[in-house]
Each structure stands twice: as structure tokens, then as C-alpha cells.
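Chain A is the first sequence line, chain B the second, and so forth, proteins listed ahead of strands; every chain is numbered from 1.
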Amino acid sequence: MIALIDYGSGNVASVANVLTALKQEFIITKSEGEIIRSDKVIFPGVGEASFAVRQLHLTNLFTVLRICRKPMLGICLGMQLMAECSKEGNIKCLGIFPGTAEKFNNENTKVPHMGWNDINIKKESKIFNGINNGEKFYFAHSYYLPVNEFTTSVCNNFIDFAASMEKENFYGVQFHPEKSGQAGVKIIKNFIELC
Amino acid sequence: MLCKRIIPCLDVKDGRVVKGTNFVNLIDAGSPAELAERYSDEGADELVFLDITASVEKRKTLLTLVKDVAKAVRIPFTVGGGISELSDIEALLKSGADKVSLNTSIVKNPELISQASKRFGSQAIVAALDTKLKDNGHKIFIKGGREETELNALDWCKRVTDLGAGEILLTSMDRDGTKAGYEIDFLKEVASAVTVPVIASGGAGNMEHFLEAFQKANVDACLAASLFHFNIIKIKELKEFLNSAGIRVRL
């Protein structure tokens, strides 16, 4: 059973559509108990970081996500919330990955970074099984995580930033796999089947 | 590097896609989900649905449309047309839309942009602007182009991005339906004045027009409706043409 977390700040419907199409058993939940009973966790995120973190506290999910030992996939803002901090609302996040989410500089590039961009895979990861290096995915974000030792792929928008992260049981993607055509569906399938 | 985007626009009335010229002689063109799937298969990067329904059932049919389209395709899409409440935006995004486009409502209530972008993120809020060249510069029109406002279009572009809009969908009413090409000079002016992505709309008639908008006006995306609906240009061929002309696109 996959727990798809609905804490009031994620595009849950689109991820749910992919899981349904993949014939997966899943539950849309904000219950700590249901997350604990699940086998895998998908943590989507759309919107503003400090609002989302407040929602995590209000739904009492902050701690359970931090100490989660099962495979967990953060998507977009979900991945950023897995870092230490975000400059979007200057908020302390889950602290799973080191680093702080920074804002793109609009003197150098258009912000938000919006559209299809290619990723450069830097480290082997199960979620990239069968994915070609240079594959394009859909991005829509104004903040990014800088590249660090847990970055598995990078994308470029004037500067290089983390397109995906991985540490132990924690996986994160900055792009939207649920909106990135068949390559995106493959990433979600890999997470379900291989991680 | 980020790809330039090709976006088909679909007009929707009472839950069905309609085709026509200038909102008259509308003919039923099929279900939104089926057409979305067709465009997605042909290589569209995104879709825009513009609801022109006037009935009180509008909200319900638009939500149904969003749910059906989100089930059918794995590419991002925007919905617009008469959206004026934060709660409507929330319901549409929750149902699977990626962005909402706001037009008349933000002229009446500019604060809606800042409220919506704070709550849902700038990336979800598209400011749609209908413009027409008048004696004293480009002006903003609302209510589907029927009502002229006092707003200078370039000033309004800057204002909506300051308030938090994450993208500008700029439609030239002078060019719309003419197939004479996008309004390059004004698009260029806007694209260099704002720091958010700009979508060109109105006037595309052939593949060179798209190339011109990307090369000369440096827009981030090009939108077209009838060209794609009536199969005058195939998206796949358009993207191959742009690619061979040196424009980065997703093939």
C-alpha cells in the first residue's frame, strides 16, 4: 500500500491518476497511522514552502516524515521540504537532505523556471532505471536546491541545480514526473517497483 | 537548457470543445479529454482550456473537465475563463489543473494575484492579457475583449508580475484570427520588460510565425488554436521545423 500524502499543499490528483493507471493500491491520507502502516510514501508538493510546512505541523506529519524508514518520494516542493531550510518564507524544513532551497535570480533567467528541461544523471539511481541521460521532464518552480553530495541528477537554468536527490530511503525529484509524459510515469513506476 | 513550448488552446462551452471564428458559428469539436489526448500524442508541451460557458453550471462543468483531462494526459494544462475566487482556484488545482489563467477578475481585483500566488505559488498563476493598439499605446481589454479599460498594457504586464503572476499570456486582439503572424514588436517589448515567461498568442498562420516569435521576440511559448484544430499545421512537423532552425524544443 502506497500512502499519497495530502496535507493541503500538493497536486495530489495528478499523482493519484498515475497510480490508478499503474493499477497500484494507494491511499490519499494525512493520517500518521496510515503512513506508518503503508509500504511506501509519496510526498507531493505545490505552492509556497512556509505554508506547506505549517500544514505539515498542523496535520502532525512533520516528525513521522523525518523519521520515516520506508521508501519516500518527494516531488517538486516535496523534495525542497526534505532539505534543511527554504528561503521561501524562511522556514525550517524536514532536514533529511543538507542544504537550503534558494530562489533563482531573475537578473539572470526567467523565474519561475517553467517548462521542459533535460536532466544530466550524475549518479546511478533506481528511479532512473531505463531512463536515458538527457531525458526531458516538466519543471515549474521558482526555488531550487543547490547541487550537493546527495544529488543524483542536475538540471540547468542559468545555474546548475538539483533535479533529483537520494539519501538512504529518501528520494526527491524537482520536476513533476506525473506531468512529464511516459518518462515521468516510468520514474514513478521505478520508485514503486525497485525502491 | 529549457525548451520553448508549443501550446494548443481549446475553447470549451458547456463541457465540450468548440471550434469557430471569433466566438460565432461554433461547432462541437469533441470531448476535452479526447482532444487533450490527441494533442498530447502529437507532441504538445502544454494545453490551455478557455471556458466560454456563461451558464450557472459553469463551475461544475469546468471541474469535471479538469478531472477528465487530468486522467487522460500526463502533460501540464491551464484552465481559464471567468475564474474570480480563491476557492475556485483551489478546487481547479486540486482536481489536477497545473495553472489557472486570470483575466477580467484581476483587473477588477488585482489583489487576487498576490493572494493566489502566495497560497498556490507563482507557477500556478497565469495573467492573461487581451491587448489592442489604440492611439495612446496598447490597452488592456476585459470580458472577452468586449470592454476597454484605462490600463496601459505594458504597465499592466509589469504590475501583474510584481503582484506575483508567474507567467503572462499575451493575446493581440489586432492579430487574433488574422493569420498575419504574432505581434512581434510588442511581444518583444513585454518579454524584455518582465522576468517571468511570456506566451505569445494571436495571429499565427504558418510555421515561420512561430520561429519569428521565438527568435525575434524571445518569447518562451507560442499558443495557437485554429491552426491546430483544423490541422493546418501539425505540432510534430512544427517542432521538427523549429528544431532544424536551431530552436530548442521537446521532440
Side-chain angles (χ1 to χ4, degrees), chain A residues 6 8-18 20-21 28 45-52 76-77 88-89 103-118 134-143 155-158 175-186 188, chain B residues 1-7 40-41 43-47 63 66-78 90-99 116-126 161 164-168 191 194-199 218-221 248-251:
Chain A
D6 180 13
S9 206
N11 188 350
V12 172
S14 297
V15 180
N17 285 334
V18 175
T20 305
I28 296 173
V46 172
E48 202 269 338
S50 65
F51 178 84
C76 193
L77 178 65
E88 188 176 23
K103 191 168 189 180
F104 285 118
N105 182 349
N106 67 13
E107 284 167 19
N108 303 326
T109 183
K110 300 262 179 111
V111 184
H113 173 237
M114 176 114 65
W116 298 77
N117 204 339
D118 47 311
E135 185 67 69
K136 293 181 177 67
F137 294 93
Y138 180 74
F139 291 82
H141 59 122
S142 302
Y143 289 76
C155 182
N156 185 277
N157 179 36
F158 188 78
F175 51 84
H176 284 278
E178 76 283 11
K179 291 285 178 175
S180 293
Q182 283 316 304
V185 173
K186 177 81 175 142
I188 294 176
Chain B
M1 223 173 85
L2 198 58
C3 295
K4 300 288 188 183
R5 289 171 279 154
I6 299 296
I7 308 176
S40 169
D41 290 346
D45 296 306
E46 264 180 59
L47 301 168
L63 271 187
V66 166
K67 285 176 189 162
D68 290 348
V69 171
K71 275 191 192 118
V73 297
R74 304 283 170 259
I75 57 171
F77 64 97
T78 302
E90 179 167 23
L92 293 164
L93 297 177
K94 264 196 164 166
S95 300
D98 299 274
K99 310 180 219 178
S117 62
K118 269 188 202 123
R119 173 69 183 80
F120 310 109
S122 285
Q123 87 293 332
I125 309 302
V126 183
T161 54
E167 196 162 38
I168 287 178
V194 300
T195 57
V196 301
V198 174
I199 306 170
N218 197 25
V219 297
D220 302 274
R248 267 187 73 85
V249 289
R250 165 183 162 256
L251 290 173

Participant: Between chain B and each of A:Ala13, A:Gly181, A:Pro112, count heavy-atom pairs under 4.5 Å; write down the option with the most.
Facilitator: A:Pro112
Participant: Would you mind checking which part of B:Asp41 comes under 4.5 Å of any heavy atom in chain A, side chain (CB onward), backbone (N, CA, C, O), both or neither?
Facilitator: neither
Participant: Where does B:Leu93 contact chain A at under 4.5 Å (heavy atoms): side chain, backbone, both or neither?
Facilitator: backbone
Participant: Between A:Thr20 and chain B, with a heavy-atom cut-off of 4.5 Å, which part of the residue counts as in contact: side chain, backbone, both or neither?
Facilitator: neither
Participant: If I measure from the heavy atoms of chain A, does B:Arg5 come under 4.5 Å with its side chain, its backbone, both, or neither?
Facilitator: side chain
Participant: Flag the one option from A:His176, A:His141, A:His113, A:Glu107 with the top tally of heavy-atom pairs under 4.5 Å to chain B.
Facilitator: A:His113
Participant: For B:Arg248, is there an ion pair with A:Asp118 - N to carboxylate O distance below 4.0 angstrom?
Facilitator: yes
Participant: Compare all side-chain heavy atoms of B:Lys118 with those of A:Phe51 and state whether any distance is below 4.5 angstrom.
Facilitator: no
Participant: Looking only at non-hydrogen atoms, find the nearest pair between A:Trp116 and B:Asp45 and report the distance.
Facilitator: NE1-O, 3.0 Å
Participant: Report which part of B:Lys99 has an atom under 4.5 Å of a heavy atom belonging to chain A: side chain, backbone, both, or neither.
Facilitator: side chain
Participant: Is A:Val185 close to chain B through its backbone or its side chain, or both, or neither, when contacts mean heavy atoms under 4.5 Å?
Facilitator: side chain
Participant: Just how far is it from atom SG of B:Cys3 to atom OH of A:Tyr138, taken to the nearest 0.5 Å?
Facilitator: 12.5 Å
Participant: Quick check on B:Ala97 against chain A: is it the side chain, the backbone, both or neither that has a heavy atom closer than 4.5 Å?
Facilitator: backbone
Participant: Please classify the contact of B:Val66 with chain A as side chain, backbone, both or neither, using a heavy-atom distance under 4.5 Å.
Facilitator: neither
Participant: Name the option with the most non-hydrogen atom pairs under 4.5 Å to chain A; the candidates are B:Ala72, B:Ser117, B:Gly96.
Facilitator: B:Gly96
Participant: Any idea which of B:Ser95, B:Ser122, B:Gly121, B:Pro197 has the most non-hydrogen atom pairs under 4.5 angstrom with chain A?
Facilitator: B:Pro197
Participant: Can you check side chain to side chain contact (heavy atoms under 4.5 Å, CB included) on B:Arg74 and A:Asn17, steps first, answer last?
Facilitator: CA-CA 9 Å; B:Arg74 304 283 170 259; A:Asn17 285 334; 4.1 Å; yes
Participant: Is there a side chain to side chain contact (heavy atoms under 4.5 Å, CB included) between A:Met114 and B:Val196? Walk through the geometry before answering.
Facilitator: CA-CA 9 Å; A:Met114 176 114 65; B:Val196 301; over 6 Å; no
Participant: Check whether A:Asn106 gets within reach of chain B through its side chain, its backbone, both or neither, counting any heavy atom under 4.5 Å.
Facilitator: both
Participant: Check whether B:Ala124 gets within reach of chain A through its side chain, its backbone, both or neither, counting any heavy atom under 4.5 Å.
Facilitator: neither
